K.L.:
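Quick one: the structure is below, questions incoming.
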Amino acid sequence: MSSVHLEGVTKSFKDMVAVDNIDLDVREGEFLSFLGPSGCGKTTTLRMIGGFEQPTSGKIFLGEDNVAGLPAYKRNVNTVFQSYALFPHLAVAENVGYGLKRKKVGKDETKKRVEEMLELVDLPGYGDRRINQMSGGQQQRVALARALVNRPGVLLLDEPLGALDLKLRKQMQLELKRIQSEVGITFIYVTHDQEEAMTMSDRIAVMNAGHFEQIGAPQDIYEFPATEFVASFLGASNLLDGDVESGDGGMTRVKLAVGSTVSVPTNRMPAGAGHVRVGVRPEKLHITGAGATGDGGGTSANGHGANAVEAQVMVSTYIGVSTSYECRTSDGSKIVVYVQNLGNSAQPIGAGATVRLSWDPEHTFAVGANGGGK
Amino acid sequence: MVKAAQEMKPEAITERRRGWFLNIYTKLAIAYLFAPVIFMIVFGFNDPQGRFNLSWQGFTLKYYSPSRLFEFEELNQAITHSLTIAFLTALLATILGTLIALALTRFTFKGRSALNLLLFVPMASPEVVLGAALLSLFVTLNFARGFTTVLIAHIMFSISYVVVTVKARTAGFDQNLEDAAGDLGASPWVAFWTVTFPLIWPGIMAAALLAFVLSLDDYVITLFNNGGYITLPLWIAGASRLGVPVQVNVLGTLIFMIGAVYAIVSIIRTRGERVSSIH
Ligand SMILES: Nc1ncnc2c1ncn2[C@@H]1O[C@H](COP(=O)(O)OP(=O)(O)OP(=O)(O)O)[C@@H](O)[C@H]1O
Ligand SMILES: [Mg+2]
């Protein structure tokens, strides 16, 4: 296994910049995902690490060596392709053994390692099958075995589960995770499915328009998105415009456009911005009828009062495990609230009601306002 | 067609009526295609009294005996010429055409679309024109006509067919497969021979067969450029003025039989493969 290190990597196709001056550090044995919308450059970045595409500029280190410029077959990296790219004219065992044959590994050794691999991916005894006699999920496993049998330093996976149905996909997610911890190889995994990225990754690199928006552990990225793009790409989030008023030690006061003033932990404020967007996740909000004096949010541990805004319920939707309220503030911002059904709520709040939405300042984040807000 | 008829479900009356019509139509089409072949075969067993093998005069097998079959030295030579040219054409046109097909499907280069279009010229232009044009080219270059000019001419008109046939195979080729081979440590050269080539091989074989048959068959272009290198079609055409000997029918029958056996074997083989891939 080895680490991967990108330094100022750029890739242009003619005038179109697909990957724009990115830096990245992938640790040894880590499971890192590239997450981002279609066309943001995930595959291109992966292909540059694999050696199928050469960067226009920048350095790519595998372990200690700068491999930029080397073709794929000279890199100690293997890839699981989205389409699997299994060789249809070869049997399963020949597919898996293809890389070992290129490395001139002996016949007996090859046979042994191929069998071990088929065992690992749960396909023992399938070696003589032809590829077109395997189901989609089985082909996926063959592709994985074919890559892993070479004991690469890094395994690249480009949406490897994209072609599978939901159930198989969930199952393979767990399987992949198990295999990764068993073999201990660095995995770089491309997906545009945020749930998949969340459940599998040690860290996620959120990608947008050719650059990384944020790189961090799933919780960090979800709880404290660094940019508006990350906030809205991962899960639902509510963003309110505001201006920085004052800061004391731990908390910064932000005056919202809707009128109230809220506290945001200073370490989650974007640097140097006067105008910001304050965010909070829907499940962190408490909803109480207007006029009710008790605040549902309580106060935060460091003594600050709860953040709160007034809003009007537009739609309330009963989902079973929870109820979702879509509210609108006086300045027109939309706020979504999820309330868990604990079975003790007095009565559901109907559309049209004016409510007070409150939350713990600790659950607040702020991002720079792109393009001057809404 | 047999397969289509079997798969047809007898649910709708119209379906069944169409099946009946299709059946008759198929038989008529086959009869139309095979009538000349059947005449050729039948008259290979004829025992004509004069020079002309045009009316039935009695059954004989004597023209199937090697001593009679190969009794004309010129005919033997023409067969040798034709087979030599056909073999070399198949070999060279297939190599060149395959390389063109690969280049056309995997690279974008200057003049690519022009080449794509130009490939159709030999297929679309009348053979007389091609033959005459080649002749004037050879005359202008002061190039003696003979074996070489016939071979050049045959490769020239076969190449387009080879490219089109192989391209059908290379166009459907998943480029990721070569990437995958490279990913697993194969250099481009090794990747080509272990992955690309085996996968496009059926297309290459089909193309070679086509080139062979086209070459064996050609009359018009060879007529212009042979310079005395007489091929089988040329010899038969020349002989027809004096009466085509029965041996020609016999040779035609034998060539047809080789083709028929080949077709039947390959049908059985693919059917066997299909059955085994179900299990
Ligand atoms: N060979 C190429 N030539 C020209 N443009 C390309 C090429 N490959 C990729 N691009 C462009 O680069 C951009 C990034 O493509 P890439 O395939 O990396 O996106 P992606 O993030 O993998 O998207 P998806 O989730 O749809 O797979 C796209 O706009 C794409 O059109
Ligand atoms: Mg992609």
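By convention in this document, chain letters (A, B, ...) are assigned in the order of the sequence lines, proteins followed by strands, and residues within each chain are numbered from 1. Predicted model only: the values in this text are computed from it and were never measured.
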K.L.:
Out of curiosity, A/S83 OG to B/Q175 CD, how far, rounded to the nearest 0.5 Å?
P.N.:
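Answer for the OG-CD pair, A/S83 versus B/Q175, is 11.5 Å.
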
K.L.:
Around A/K177, counting heavy atoms of other residues, nucleotides and ligands shown, do more than 12 lie under 6.0 Å from its NZ?
P.N.:
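Yes, NZ of A/K177 has more than 12 neighbouring heavy atoms, counting only those of other groups under 6.0 Å.
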
K.L.:
Do A/Y189 and A/L161 come within less than 4.5 Å of each other through their side chains, counting heavy atoms only?
P.N.:
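Side chain of A/Y189 against side chain of A/L161, heavy atoms only: contact under 4.5 Å found.
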
K.L.:
In terms of heavy-atom proximity below 4.5 Å to chain B, should A/L100 be classed as side chain, backbone, both, or neither?
P.N.:
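For A/L100, no heavy atom lies under 4.5 Å from chain B.
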
K.L.:
Between A/R130, A/R75, A/R146, who has the most heavy-atom pairs with chain B when the cutoff is under 4.5 Å?
P.N.:
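Heavy-atom pairs under 4.5 Å are most numerous for A/R146.
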
K.L.:
Please classify the contact of B/L177 with chain A as side chain, backbone, both or neither, using a heavy-atom distance under 4.5 Å.
P.N.:
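B/L177 touches chain A through backbone and side-chain heavy atoms alike.
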
K.L.:
Please flag which part of A/V77 lies under 4.5 Å from any non-hydrogen atom of chain B: side chain, backbone, both or neither.
P.N.:
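For A/V77, the backbone is the part near chain B, not the side chain.
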
K.L.:
Taking all non-hydrogen atoms of both residues into account, name the closest pair between A/T10 and A/S12 and its distance.
P.N.:
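Taking every non-hydrogen atom into account, CG2-OG, 4.1 Å.
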
K.L.:
So which of A/Y98, A/F52, A/F87, A/Y73 has the biggest tally of heavy-atom pairs under 4.5 Å with chain B?
P.N.:
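Of the options given, most contacts go to A/Y73.
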
K.L.:
Select one option (side chain, backbone, both, neither) describing which atoms of B/D174 are under 4.5 Å from chain A's heavy atoms.
P.N.:
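Side chain only.
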
K.L.:
Is it the side chain or the backbone of A/R129 that comes within 4.5 Å of chain B heavy atoms, both, or neither?
P.N.:
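Neither part.
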
K.L.:
For A/N150, is it the side chain, the backbone, both or neither that has a heavy atom under 4.5 Å from a heavy atom of chain B?
P.N.:
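Just the side chain, heavy atoms under 4.5 Å.
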
K.L.:
Are more than 12 heavy atoms, taken from residues, nucleotides or ligands other than B/Y25, located less than 6.0 Å from that residue's OH atom?
P.N.:
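Not more than 12 within 6.0 Å, no.
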
K.L.:
Under 30°, 30 to 60°, or over 60°: which ring-plane class applies to B/F256 and B/F34, parallel, tilted or perpendicular?
P.N.:
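Plane angle over 60°, so perpendicular.
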
